[in-house]
Number of protein chains: 2
Amino acid sequence: MNVHSNSPRVEDILQRLRRAGHRITPQRLAILRAFADSHSHPSVDMVYAAVKPNFPTTSLATVYKTVVLLKELGEVMEIGFGEGGNRYDVRVPTPHPHLVCTRCRRILDAELDALDHLTETLAQSTGFRILSHRVDFYGICPECRRKAAH
Amino acid sequence: MNVHSNSPRVEDILQRLRRAGHRITPQRLAILRAFADSHSHPSVDMVYAAVKPNFPTTSLATVYKTVVLLKELGEVMEIGFGEGGNRYDVRVPTPHPHLVCTRCRRILDAELDALDHLTETLAQSTGFRILSHRVDFYGICPECRRKAAH
DNA sequence: TTAGGTGCAAATCATTTGCAATCTC
DNA sequence: GAGATTGCAAATGATTTGCACCTAA
């Protein structure tokens, strides 16, 4: 992705930012691009590291503030991890299952059609009004398994 | 539960502590009891608060150190929460689904027989070796729903 | 022009750690 | 008595906040 074109997802967010009365600063644009370009689920530090080379004056605090803003607008979903900081999903900012490799720390999206049905069953049997979920599977990704086998 | 008898779960853990060469200090005993007595999934602060009245000299650091020890021994499972600290499960210290009330912060265990089958399907379709999971449903518990309806 | 945004540095909050004093085995 | 454990206080690491300066609209 070159520096002068935005992905549809970035344009999308930019539009909503403007509509909500927020300003498009060069820092924000760079942070948005870093988020959208990241095919994994980046941490704040990863985004910061990706932004700094193109925009050396950007501060970590600004990345954090931008993340807060994007969370408020629902454009980013936070996945809480104890170690090494939270990770974020800009591509699919709604609850969905993840596959987390505990070796390389990569996070992949997973398909699990059965989940909706499961949620409903659980709601009925417990009386809970279920509004959201967090479904993460931890293990070793195919790549790391291959490496481990020499 | 009075101060002089231990639940089977506490006796269980005490035995394994001794067997692993760890000492049974009064602080540890009090912390273990607080963990086991708590029918919800307590945070370190909750355990600390429960221990202090009976054992005023106990320090937070000791509670933390005991938690580390219990985690290492597999007697306690940590459930990571960003806000307000992690929560712990001593009763069922292996991965299982939870129902989390976002209003009263209560955490309940859930039954979900379908999960094992689901995990296996996911492992096959993705090539991941799945070793663990974290399945949490967030919502409003029956009690909080009742209160909300006057 | 002027609110909103940035960046520094200091403040938080949960958790960990170093270490001398104190206990359990 | 020896080595593990405690408890204080200081260190850590992620995140937040206060505030003077800056800049997009």
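Worth saying up front: this structure is predicted, and the values here are computed from it rather than measured. Letters go in sequence order (proteins before strands), and every chain restarts at 1.
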Margin query: Roughly how many Å apart are D:dG7 and D:dA11, using the C1' atom of each and rounding to a whole number?
Written below: 16 Å

Check: For A:Thr25 and D:dT23, is the shortest distance between a side-chain N/O and OP1 or OP2 below 4.0 Å?
Finding: no

Check: When clusters are formed by joining ILVMFWY residues with side-chain heavy atoms under 4.5 Å apart, either directly or through shared neighbours, do B:Leu118 and A:Leu108 land in the same one?
Finding: yes

Next item on the list: Could you state the atom-to-atom distance from CG of A:Leu73 to P of C:dG5 in whole Å?
Entry: 11 Å

Checklist line | Distance in angstrom units between B:Leu70 CG and D:dT5 P, rounded | finding: 12 Å

Item checked: Most 5' of B:Asp45 and A:Pro26 on DNA chain C, judged by nearest nucleotide -> A:Pro26

Notebook entry, point to check: Has A:Arg28 got its NZ or CZ under 6.0 Å from the middle of the six-membered ring of A:Phe55, at an angle within 45 degrees of the ring axis?
Noted result: no

Next item on the list: Kindly write out the residues that satisfy salt bridge (Lys or Arg N to Asp or Glu O under 4.0 Å) with A:Lys71, not counting sequence neighbours, or none if the list is empty.
Entry: A:Glu78

Check: For B:Gln15, what residues pass the side chain to side chain donor-acceptor pair (under 3.5 Å) criterion, not counting sequence neighbours?
Finding: B:Arg19

Next item on the list: Could you check how far NZ of B:Lys52 sits from C1' of D:dG7, rounded to whole Å?
Entry: 13 Å

Check: OP1 or OP2 of D:dA4 less than 4.0 angstrom from a side-chain nitrogen or oxygen of B:His22, does that happen here?
Finding: no

Checklist line | DNA chain C contacts made by residues 58-65 of chain B, counting heavy atoms under 4.0 Å | finding: B:Ala61, B:Tyr64, B:Lys65

Margin query: If I take atom CZ in residue B:Arg19 and atom C1' in nucleotide D:dA4, what distance separates them, rounded to the nearest angstrom?
Written below: 20 Å

Next item on the list: Take the protein atom CZ of B:Phe55 and the nucleotide atom P of C:dC23, then report the distance between them rounded to whole Å.
Entry: 10 Å

Next item on the list: Take the angle between the ring planes of A:His96 and A:His41 and call it parallel below 30°, perpendicular above 60°, tilted in between.
Entry: tilted

Next item on the list: Measure from CG on B:Leu69 to P on D:dT6 and round the result to the nearest Å.
Entry: 9 Å

Notebook entry, point to check: Which nucleotide, C:dT15, D:dT15, C:dT16, lies nearest any side-chain atom of A:Val44?
Noted result: D:dT15

Check: So does B:Gln27 get a side-chain nitrogen or oxygen closer than 4.0 Å to the phosphate oxygens (OP1/OP2) of D:dG7?
Finding: yes

Note to self: So for atom CD, which belongs to A:Glu11, do other residues, nucleotides or ligands contribute more than 12 heavy atoms lying within a distance under 6.0 Å?
What the structure shows: yes

Checklist line | B:Ile24 side chain, from C-beta outward: closest of C:dC25, D:dT15, D:dG7 | finding: C:dC25

Next item on the list: Indicate, yes or no, whether a donor-acceptor pair under 3.5 Å links the base of D:dG3 to the side chain of B:Arg23.
Entry: yes

Check: Over how many whole Å does the gap from B:Tyr48 atom OH to C:dC13 atom P extend?
Finding: 17 Å

Next item on the list: Rounded to the nearest angstrom, tell me the gap between atom CG in B:Leu17 and atom P in C:dT24.
Entry: 15 Å

Notebook entry, point to check: Has B:Asn86 got a side-chain N or O lying under 4.0 Å from the OP1 or OP2 atom of C:dA14?
Noted result: no

Checklist line | Co-membership, hydrophobic cluster, residues B:Ile79 and B:Phe137, 4.5 Å side-chain | finding: no

